[in-house]
Engineer: 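Here it is, the structure, as structure tokens.
Reckoned from all heavy atoms, side chains included, excluding hydrogens, waters and symmetry mates. Both ligands and their constituent atoms are indexed starting at 1 by order of listing. Bear in mind that the values here come from a model prediction, so they are computed numbers and not experimental data.
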Amino acid sequence: MHDLKERLHSAGVHTLLVQFTDLHGTAKGKLVPLHHLDDVLTTGAGFAGPSIWGTGLPRTGARAEYFARGDGPTARPIPWMPGVARIVGDGFVDGEPFEACPRQVLRRALARLAERGWQLRTGIEPEFFLLKRAANQWGPADDTDRLDKPSYDLKSLHRQQDFLHDLAAALGACGLDVLQVDHEDAHGQYEVNFAYADAMASADHLMLFKQAAHTLAEARGTVFSMMPKPFANQPGSGMHFHVSLWDGGRGVFDPGPKDRLLSQTGRHFVAGVLAHAAALTAIAAPTVNSYKRLTVGESLSGTTWAPAYVAHGPNNRTALVRTLPGRFEWRLPDASTNPYLATAALVAAGLDGIDRQLDPGPDCTDDLFEMPPGLVRERGIALLPQTLATACDALEANPVICAALGPTLSAEFLRLKRAEALDYARHVSAWELDRYVSAF
Ligand code: GLU
Ligand code: MG
């Protein structure tokens, strides 16, 4: 404890940013002077519980207080706030780990793996938009970002290099190993990849990435957006998870001599992820806007690259699960996903697949984006829920995923997300007025 304070002090830190994540995947927290580090590590920084989305805590009594207890090794100076170090907090209430804190939810899931001697590693790949609002319309921050197929566009990448370099440098200074930065397939869309890590560290990294990107974009007069689908005719933002399981130095998903890409355990895990796909959709596509991404159909660039069908296939980016040697890519999550909850739900699905020895079925090698819907149905390939409301129904009906989230968090998730879906359903859009106002 003393060492940590000394280390931070000699790095010029005078203040801690004690950060936690709410149900919606938004970073929250408060500033605490460094000399109170001991309190942060033992009791935690205190917050009014009901003021945080998803806690379901009462307004009075001992359980009204939510404490974010700092996880020492996560403390890092953050270059975009000189003199400040971010420390990630775990939720505690009344002296006990708080069951509905997303980081505690993930801790529980990882503990279930640890009982079997396993560690999960994830590589989370955020796609995002850099936008601005002009004449009451949202568009790319860069007006000249207009190619029909904008993937890997170097010209626009170059125009945003100040922001992208600063972002990569800031993440690097916080200990993330940035692997690549590119222009994605929509106007104003980019992707930053950093090295895979232990699943908890990856979720913490993702939250750090969002904090850095918001601040650095705002300083340049642009808006950093993790909205899943800002533009109807262009691809949305996914947040794919590369997933591998480890037993010390041994990859549990590594194929044996008779396997193709994944071990038998890996295939069972994937089968669990497919079997629970509908319930997982609520967690990994958690906004009404998410469902504009998860549809079948073309985009301006030719394809959306977002999954709509419950299938898996070797290096198949048109399926929900893309299998690779010793790991798989879970392509369902979008950029609005809470990384802690998504990882925890994924673990529950995978473990169920292993425990019930589920079979994922044959590899899908077809381009599902091209396959006629009739043929998809004939093959028995299910479509993902197409609305937030139906995904919530699937989650509520799924005891495996609800148990992983815990009773408070699953009830709060369903309550908030159903309210969001209802609010949206009641909204009368410009599209409806244009289409119907004088049509009948
Ligand atoms: N933007 C696509 C999505 O929404 C993914 C593109 C890619 O494969 O990188 O999932
Ligand atoms: Mg991408």
Engineer: Under 4.0 Å between a side-chain nitrogen and a carboxylate oxygen: does that hold for Lys155 and Asp142?
Structural biologist: no
Engineer: Hey, looking at atom 9 (O) of ligand 1, which of Arg317, Arg293, Glu127, Lys229 has the closest heavy atom?
Structural biologist: Glu127
Engineer: Work out whether the distance between some heavy atom of His240 and some atom of ligand 1 is less than 4.0 Å.
Structural biologist: yes
Engineer: Ion pair present between Asp71 and Arg107, side-chain N to carboxylate O less than 4.0 angstrom?
Structural biologist: yes
Engineer: Any N/O/S atom, backbone or side chain, of Glu125 lying under 2.8 Å from the Mg ion (ligand 2)?
Structural biologist: no
Engineer: Would you say the rings of Phe20 and Tyr66 are close, in the sense that their centroids are separated by under 6.0 Å?
Structural biologist: yes
Engineer: Under 4.0 Å from a heavy atom of Arg331: which atoms of ligand 1 are those, numbered in the order shown and with their elements?
Structural biologist: 5 (C), 7 (C), 8 (O)
Engineer: If every non-hydrogen atom of Leu368 is compared with every non-hydrogen atom of Ala311, which pair is closest and at what distance?
Structural biologist: CD1-CB, 3.8 Å
Engineer: Taking the six-membered ring for Trp, is the centroid-to-centroid distance between Phe163 and Tyr190 below 6.0 Å?
Structural biologist: no
Engineer: Contact between Thr304 and ligand 1, counting heavy atoms under 4.0 Å?
Structural biologist: yes
Engineer: May I ask you to check if ligand 1 and Gly236 share an N or O to N or O distance below 3.5 Å?
Structural biologist: yes
Engineer: Which heavy-atom pair separates Asp90 from Arg103 by the least distance, and what is that distance?
Structural biologist: OD1-NH1, 2.9 Å
Engineer: Give a rough value, rounded to 10 degrees, for the angle at the Mg ion (ligand 2) between atoms OE1 of Glu191 and OE2 of Glu184.
Structural biologist: 90°
Engineer: By atom name, which N, O or S atom belonging to Glu127 lies closest to the Mg ion (ligand 2)?
Structural biologist: OE2
